[in-house]
Structure formats: structure tokens, C-alpha cells
Asker: 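Here it is, the structure, as C-alpha cells.
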Amino acid sequence: MLLTLASLFIVLAGLKAAAGVLVPIVYAFFLAVLSFPLLRFLVRKRLPFVVALGTTLLMNLGVVAGIIFLAVRLLMSFNKDIPRYLRGLQSSMNEFAVWLQDNGVNDAKSTIDSMFDWNQLIGYATQQDVVTRIGSMLGSTFGTVATFLASLIMVLIVMMFMLMEAQGTERRLVAVRQAGGPDFSGLLRSATDIQKYLGVKTLISALTGALAGVWCWFFDLQYPLLWAILAFVFNFIPAVGSSAASIPAIVEALVQHGTGAAVGVALGYGLVNFCLDNFVQPQLLGNRFGISAIVVVLSVIFWGWLWGPLGMFMAVPLTMVIKVLLDNSEEFRWISVAMAQKKIRRGEVEVVGYDLADEELLGSGASTETPGRK
């Protein structure tokens, strides 16, 4: 066990040190997996493979570059208004502190004033440039904006070659197994699951962004398109992304239109995220993506620590790949079972994707348990 843990820490240190190279490759892989159905569709429509590949790459480049260009332009415009929003937020916080003191909360104003140095925050917001901020946010992975752009080009190039090699992958893996290599059939099945997950997640994120933008426009916010893009992008981060994306819109509503508008925007974001995440997304994904909720939260924290903000966006797909690899290992299959989602149906506990009555999986005598019974 000590040797395994020591080896694990060495591997993690290598992954963290090589983030500048590995993160673009991982993103290229997932973009290739997501884009392959489009390439296959175009080939089936009797387009030459080169034309279909070029169309797929141009569509990916157009979407990514369009979102980045539009987001940066809107952020540059929003950057000029940040000091004004901070002053408005300061005024709202002071009014809230006065209300607390009037209702019997002693020293509320002094406590709130000590929490924020408004003059320093406003001065920092006035001096800093939005491009510099974006570079500092991505600095934990890439270091500079120029390195990020170079990595984006690397992603597109690697994705192109992955799509070129995608056809015939199943036969190649069979040949690898016949030649004495490992069996990658489980990993190939996980690629299909990841393809479905990324497709559904992209659709849900697009719906989230569209509904959030319309809701912000309804409340007459100044940057509804920016908040729509933010909701779309941050929805790829499980558990915390959607909540984080709502904070700037709520703050703008509070500063511009008061407490009622801020509460309305917050309720709208909460309703959109609740309906899409709890009703629409489970119906589209089904039960094949059974990862425990606590594992999802921990995976976001872990991949965020390992590869920075960009690691958080790919937390669930990367965890799914690791789960499949563990599931195909006799020694570590129990970890995969522990990561699986638990459901209670008709008074019995079920682990999604596993038959708890299967003696080959869990050993002799294993069966489902009834909650509240020994």
C-alpha cells in the first residue's frame, strides 16, 4: 500500500508539472470525441474525407474563436464599469449594515466595513486590464495569454490528427490485444459514454446560457450576452459552476435595480439550473453515468488543484475514464464500485452499473441491503 501511494504521488507530481503539455492534449481528445459524430455524418453524406475533416475543424474553430472573441470584447467593455459596480455594491452593503443595526445587530456596520477595503478594491479594478486578469486566471496552467493561444493552436492540430486516425480504432485495438497487449475494449466503450456525456452537457449548457441571457435581458441588465456566455461556459463545471456564473449577474441587478431585481435574477438562475440539472439532463443521460455526487464534487476540487481552472471543466469526463480503467482492474475494481452512484429503489440500495448479488463481483454472500436493517 505504501509503495502504491508513493507511486501515485510521483505520478500526480508529473501530471502537475506537465500540465502545459497534457492539458491541450486532453482537450484535443475530448473535442475529437465530441466532433467525431459530425465527421462521420459528413462522410456518410458522401463528402470526401478531406472536405469533411476540414468542415469539422472549421466549425470547431469558428465556435471556439467566436465565443472567445465575443467574451473578450464584452469583458473589455465590462471592465470599464467594474469600479462603478463596486461603488454601487459598497452603497448596498452600507444600507444593509444600517438595516441590521436598526434591527438590533450591534456593530454590524463596522464589521462589514472591516471585511472589505473598498478603496483598495476600486483602485485595483481601475488599474488592472481585463487581458491581464484573464492571463493571471489561466496562469496556474499556461502562464501567459500568449502561451494559452499557442496551446489553443496545439489543441486544434492534435484534434485534427486524432480525427484522421479515428476510423478503424476498434480494429486496431483488437490487433493490439491479439499481439499480446492490454485489452482496451472497456476504454473504447467509455469513449462512447464520454461522447454522449459531452454532447448532452453541451446541449444543457447551451440551454442554460440561452435561458440565463433571456432572463437577464428581461430584468434589463446591461450585459445579458456576457452573462449568457458565462453561464454556458461555467455550466461545464459540475456542482459549483452554475452557482458561480450567477454571482456577477446578481451583483449587477443589485447595483442597477435594487434588491428585488437581484432576488428575481437569483430565483431565475436557480429555477433554470434546478430544472435542467434534475429533470432534463437525467432523462437524456439515463443511468449509464452513475458517479456518486460526492465523487463529482471531489473530482472538481482534485482536477482544479492539479490542472487549474481548465482541469475543473473536464473533471467529470476524466473521472469517468479513471473509473473505467479501475473497473477493468481486478485489484482496484473496488474503488470503481465505491465511486458509483447509489440509488434506493423499493426500499433497497442499488449501485448503478453493478449487480450486488453477483458473487464474482463482490464475493460470496453479497446482496442488496435494506435501509435501516442490519
Side-chain angles (χ1 to χ4, degrees), residues 66-96 112 115-140 145 204-277 300 304 308-310 312-313:
I67 291 176
I68 292 177
F69 175 78
L70 189 59
V72 171
R73 288 292 300 271
L74 290 170
L75 282 172
M76 293 176 67
S77 177
F78 175 71
N79 183 69
K80 301 176 182 178
D81 292 328
I82 290 180
R84 178 169 63 87
Y85 286 126
L86 287 176
R87 294 188 185 95
L89 184 61
Q90 179 185 9
S91 177
S92 299
M93 294 291 287
N94 290 334
E95 293 176 2
F96 178 64
I112 292 179
M115 292 172 60
F116 304 99
D117 188 348
W118 293 105
N119 292 329
Q120 183 178 357
L121 287 174
I122 293 172
Y124 178 79
T126 304
Q127 296 172 4
Q128 292 293 315
D129 182 69
V130 65
V131 178
T132 305
R133 292 180 190 173
I134 296 174
S136 63
M137 289 174 60
L138 298 173
S140 58
V145 175
I204 296 298
S205 298
L207 288 174
T208 302
L211 293 174
V214 170
W215 192 250
C216 292
W217 172 82
F218 176 77
F219 277 89
D220 195 27
L221 299 189
Q222 188 175 355
Y223 297 98
L225 185 57
L226 177 60
W227 308 141
I229 295 174
L230 196 67
F232 166 73
V233 173
F234 272 65
N235 194 67
F236 284 93
I237 302 178
V240 297
S242 298
S243 300
S246 67
I247 294 175
I250 295 173
V251 171
E252 184 189 352
L254 176 65
V255 172
Q256 281 195 337
H257 305 296
T259 306
V263 173
V265 171
L267 290 176
Y269 268 86
L271 183 63
V272 168
N273 293 325
F274 178 80
C275 293
L276 292 180
D277 291 342
V300 172
L310 293 177
M312 300 172 71
F313 288 98

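Computed from a predicted structure; not experimentally measured.
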Asker: Going from OG1 on T208 to CZ on F236, what distance comes out if it is rounded to the nearest 0.5 angstrom?
Answerer: 9.5 Å
Asker: Can you measure from CD (E252) to CD1 (I82) and round to the nearest 0.5 angstrom?
Answerer: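 Reported value, rounded in 0.5 Å steps: 11.5 Å.
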Asker: Side-chain contact, heavy-atom cut-off 4.5 Å: W215 with L221?
Answerer: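 No, their side chains stay 4.5 Å or more apart.
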Asker: Taking side chain to side chain contact (heavy atoms under 4.5 Å, CB included) as the test, write out the residues that go with F218, two or more places apart.
Answerer: none
Asker: Measure across A253 and V265 and return the closest heavy-atom pair with its distance rounded to 0.1 Å.
Answerer: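 Minimum heavy-atom contact is CB-CG2, 3.7 Å.
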Asker: Give me the atom names and distance for the closest heavy-atom approach of A231 to A212.
Answerer: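 Scanning both residues, the minimum pair turns out to be CB-CB, 3.9 Å.
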Asker: Any side-chain heavy atom of Q90 sitting closer than 4.5 Å to one from N94?
Answerer: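 Yes, their side chains come closer than 4.5 Å.
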Asker: Where do D277 and I204 come nearest, in terms of heavy atoms and distance?
Answerer: OD1-CG2, 4.2 Å
Asker: CG/L75 to CD1/I68 distance, rounded to the nearest 0.5 angstrom?
Answerer: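 L75 CG to I68 CD1: 11.5 Å, rounded to 0.5 Å.
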Asker: Please find the pair of heavy atoms, one from G209 and one from A228, that lie closest to each other, and give the distance.
Answerer: O-CB, 3.1 Å
Asker: Among pairs that include at least one residue of residues 75-94, which meet ring pair (Phe, Tyr, Trp, His ring centres under 6.0 Å), considering only residues two or more places apart or in two chains?
Answerer: F78-Y85, F78-Y223, F78-W227
Asker: Just to verify, what does R84 make a side chain to side chain donor-acceptor pair (under 3.5 Å) with, not counting sequence neighbours?
Answerer: Q222
Asker: Does L267 have any side chain to side chain contact (heavy atoms under 4.5 Å, CB included) partners at least two apart in sequence or in another chain, and if so, which?
Answerer: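 Side chain to side chain contact (heavy atoms under 4.5 Å, CB included) list for L267, sorted by chain: V263.
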Asker: Return a table of donor-acceptor pairs under 3.5 angstrom between the side chains of residues 237-251 and protein atoms on other chains or two or more places apart.
Answerer:
from, atom 1, to, atom 2, distance (Å)
S242, OG, N235, OD1, 2.8
S246, OG, S243, O, 2.7

Asker: Quick one: CG on L70 to CG on L225, what's the gap to the nearest 0.5 Å?
Answerer: 4.5 Å
Asker: Quick one: which residue pairs count as a ring pair (Phe, Tyr, Trp, His ring centres under 6.0 Å) with a foot in residues 243-276, not counting sequence neighbours?
Answerer: F274-F279
